[in-house]
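To keep things clear, I will list the structure first and then write my remarks on it.
We number each residue from 1, following the sequence as shown.
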Amino acid sequence: MMAERKKRSALFIVNPHSGTKGKDHIPALLNKYLDPTIFEWDVIFTQYAGEARELSNAGKEKYDLIVATGGDGTINEIARPLLHSKAVLGIIPCGSGNGLARHLGIPLNQKKAIQLLNEQHMMVIDTIKLDSDIFLNVAGVGFDAHIAQSFASSKKRGFISYAMIALREIRQFRCTDYQLTIDGEQKIENASFLVSIANSSQFGNNAHIAPTARIADGLMDICILRDFPFWYYPILIYRLFTGRLKNSKYYQCWQGKEALIKISNDSDEKFIHLDGDPYPVKNIINFSIDPLSLQVACKPASDR
């Protein structure tokens with residue numbers, strides 16, 4: 001008689017506040033579309049900031065798969081304890097931008113994202129370290145960090161709210177002087193609209209800040225947008241959302257394993273964003289790649 005196959009254990013950590021829609025239906029979707037012959041699972045809805053990280057840390061030895069049900073910020077929080085562990089990170093995208101999920105080919109449709117877990121395909125990706133913090137997708141200083149802070153304090157979620165905040169702030173935003181060093185070599189020392197450190201290709205909503213970035217190549221993409229005239233803003237947006245930003249004379253991108261950003265002492269910049277969430281900024285910021293440090297459930301590369 002053939003022995004019964006051991007089921008894989010999964011923990012679904014749900015952030016009820018991410019994105020624009022409720023999450024109460026998630027357990028019913030799991031009961032309907034997650035294969036019970038493959039998985040046995042638990043579902044926990046977070047109740048306070050930081051709980052997702054605590055649950056992930058407590059569950060990484062118990063569960064084979066820990067699934068972040070939320071946006072890029074929730075995914076970041078859950079992924080941190082899983083670095084270099086046996087547990088695999090799963091994603092059901094429910095955020096405002098879902099940049100990492102889009103890059104990995106994970107369906108934005110929740111039913112299809114759950115069904116993808118049944119295929120049990122995974123890859124090992126890089127992560128990027130910033131002191132004691134990490135990020136999986138994109139981090140940066142400048143305009144996007146400024147908007148991330150404003151968006152975090154907004155009561156309205158979703159892409160439209162984000163876009164409205166960006167339009168409101170663009171005219172009054174003042175560029176900052178940065179000194180950028182990559183793998184020990186100084187690259188720039190001038191005023192820039194933003195400096196982004198990218199592990200994947202996009203912020204979210206298909207806004208490609210690093211169109212050629214690869215998430216498992218042992219390198220980060222360091223991108224800058226120099227100060228540009230206001231009339232250029234529509235052209236910039238067009239190129240950002242069509243993957244043609246590299247054609248702009250105001251854009252430049254390098255690759256490296258380590259990057260240092262030094263912010264001018266007279267700058268009033270207050271925030272950096274990590275995967276879309278704002279954090280207090282320091283005048284000197286050090287980034288380093290952590291190659292192939294996280295297992296993630298995703299589509300095979302040939303299907304993305």
Using the side chain to side chain contact (heavy atoms under 4.5 Å, CB included) rule, take Ile215 and Val296 through it: C-alpha gap first, then chi angles, then the decisive distance, then the call. CA-CA 11 Å; Ile215 203 164; Val296 182; over 6 Å; no
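- Both Ile66 and Leu294 are part of a single hydrophobic cluster, where members link through side-chain heavy atoms under 4.5 Å apart.
- Asn118 contributes a side-chain N or O that, together with a main-chain N or O of Asp35, makes up a donor-acceptor pair within less than 3.5 Å.
- Of all the heavy atoms in Ile284 and Lys262, the pair that sits closest is CG1-CG, 4.0 Å.
- Side-chain atoms of Lys32 and Lys111, non-hydrogen and from C-beta on, never get closer than 4.5 Å to each other.
- Tyr232 is not listed as a side-chain neighbour of Lys249, based on a closest heavy-atom distance of 4.5 Å or more.
- For Thr74 and Asn15, the side-chain atoms include at least one donor-acceptor pair closer than 3.5 Å.
- Taking CZ of Phe135 as the reference point, atom CE of Met220 lies at 7.0 Å (rounded to 0.5 Å).
- Under a 3.5 Å cut-off, the side chain of Lys23 and the backbone N or O of Ser18 do form a donor-acceptor pair.
- To the nearest 0.5 Å, atom CZ of residue Phe193 and atom OH of residue Tyr178 are 10.0 Å apart.
- Listed by first and then second residue, the ring pair (Phe, Tyr, Trp, His ring centres under 6.0 Å) pairs that reach into residues 21-40 come to none, sequence neighbours excluded.
- Judged by distance alone, with hydrogens and angles left aside, the side-chain atoms of Asp177 form a donor-acceptor pair with the main-chain N or O of Ala191 at under 3.5 Å.
- Ser9 contributes a side-chain N or O that, together with a main-chain N or O of Asp64, makes up a donor-acceptor pair within less than 3.5 Å.
- The nearest pair of heavy atoms linking Ala79 to Leu89 is CB-CD2, 4.1 Å.
- A donor and an acceptor atom, one from each side chain of Asn137 and His103, are nowhere located under 3.5 Å apart.
- Hydrophobic clustering (side-chain heavy atoms under 4.5 Å, transitive across Ile, Leu, Val, Met, Phe, Trp, Tyr) keeps Ile134 apart from Tyr279.
- Listed for the Asn205 side chain is no donor-acceptor partner under 3.5 Å among the backbone atoms of Ala207.
- Tracing side-chain contacts under 4.5 Å through hydrophobic residues (I, L, V, M, F, W, Y), one reaches Trp254 starting from Leu130; they form part of the same cluster.
- Between the side chain of Arg102 and the backbone N or O of Gly97, at least one donor-acceptor pair lies under 3.5 Å.
- By the 4.5 Å heavy-atom criterion applied to side chains, Asp217 and Gln255 are counted as neighbours.
- The side-chain heavy atoms of His84 and Asp290, taken from C-beta on, include a pair separated by under 4.5 Å.
- If you chain together hydrophobic residues whose side chains sit under 4.5 Å apart, Ile78 and Tyr48 never meet in one group.
- When atom types are taken as modelled, the side chain of Asn206 and the backbone of Phe241 share no donor-acceptor pair closer than 3.5 angstrom.
- Contact detail for Ile114 and Leu34: the closest heavy-atom pair is CG2-N, 3.7 Å.
- Around NZ of Lys187, the count of heavy atoms belonging to other residues, nucleotides or ligands within 6.0 Å exceeds 12.
- Contact annotation: the side chain of Trp41 approaches that of Asn31 to within less than 4.5 Å [non-hydrogen atoms, C-beta and beyond].
- For the atom pair Ile209 CD1 and Phe203 CZ, the distance stands at 4.0 Å (nearest 0.5 Å).
- Under a hydrophobic clustering in which Ile, Leu, Val, Met, Phe, Trp and Tyr are joined whenever their side-chain heavy atoms come within less than 4.5 Å, directly or via other members, Ile147 and Val138 fall into the same cluster.
- Between the CG atom in Leu11 and the OG atom in Ser56 there is a gap of 8.0 Å [rounded to 0.5 Å].
- Closest approach of Glu51 to Phe45, counting heavy atoms only: OE1-O, 4.3 Å.
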Ile289 vs Leu219, side chain to side chain contact (heavy atoms under 4.5 Å, CB included): CA-CA, chis, key distance, verdict: CA-CA 6 Å; Ile289 197 81; Leu219 297 168; 5.9 Å; no
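- Side chain of Glu258 to backbone of Asn286: no donor-acceptor contact under 3.5 angstrom is found.
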Test Leu245 against Leu236 for side chain to side chain contact (heavy atoms under 4.5 Å, CB included), laying out the working first. CA-CA 7 Å; Leu245 197 55; Leu236 175 68; 3.4 Å; yes
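- Of the possible polar contacts, none joining the Asn57 side chain to the Pro81 backbone as a donor-acceptor pair under 3.5 Å is found.
- Closest non-hydrogen pair, Pro27 versus Val43, comes out as CG-CG1, 4.3 Å.
- Side chains of Ile75 and Asp275 form no contact here, defined as non-hydrogen atoms less than 4.5 Å apart.
- Distance check: Leu180 CG to Ile197 CD1 gives 6.5 Å after rounding to the nearest 0.5 Å.
- Across all non-hydrogen atoms, the minimal contact from Ile182 to Gly256 is CG2-CA, 3.9 Å.
- Using cut-offs of 30° and 60° for the angle between ring planes, the Phe228 and Tyr233 rings count as parallel.
- Summarising the geometry, atom CD1 belonging to Ile106 is positioned 6.5 Å from atom CG belonging to Leu100; distances are rounded to the nearest 0.5 Å.
- Residue Arg174 qualifies as open at atom CZ: its count of foreign heavy atoms under 6.0 Å is 12 or below.
- The main-chain N or O of Ile263 is never found under 3.5 Å from a side-chain atom of Thr176 such that the two would form a donor-acceptor pair.
- When side chains are defined from C-beta on, Val281 does not count as touching Phe271, because their heavy atoms never get closer than 4.5 Å.
- Lys246 places none of its side-chain heavy atoms less than 4.5 Å from the side chain of Cys253.
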List the steps and the verdict of salt bridge (Lys or Arg N to Asp or Glu O under 4.0 Å) for Arg214 and Asp126. CA-CA 9 Å; Arg214 297 182 180 180; Asp126 303 332; over 6 Å; no
Are Asp42 and Tyr63 close enough, and set up right, to give a side chain to side chain contact (heavy atoms under 4.5 Å, CB included), and what steps lead you there? CA-CA 10 Å; Asp42 296 313; Tyr63 294 95; 2.5 Å; yes
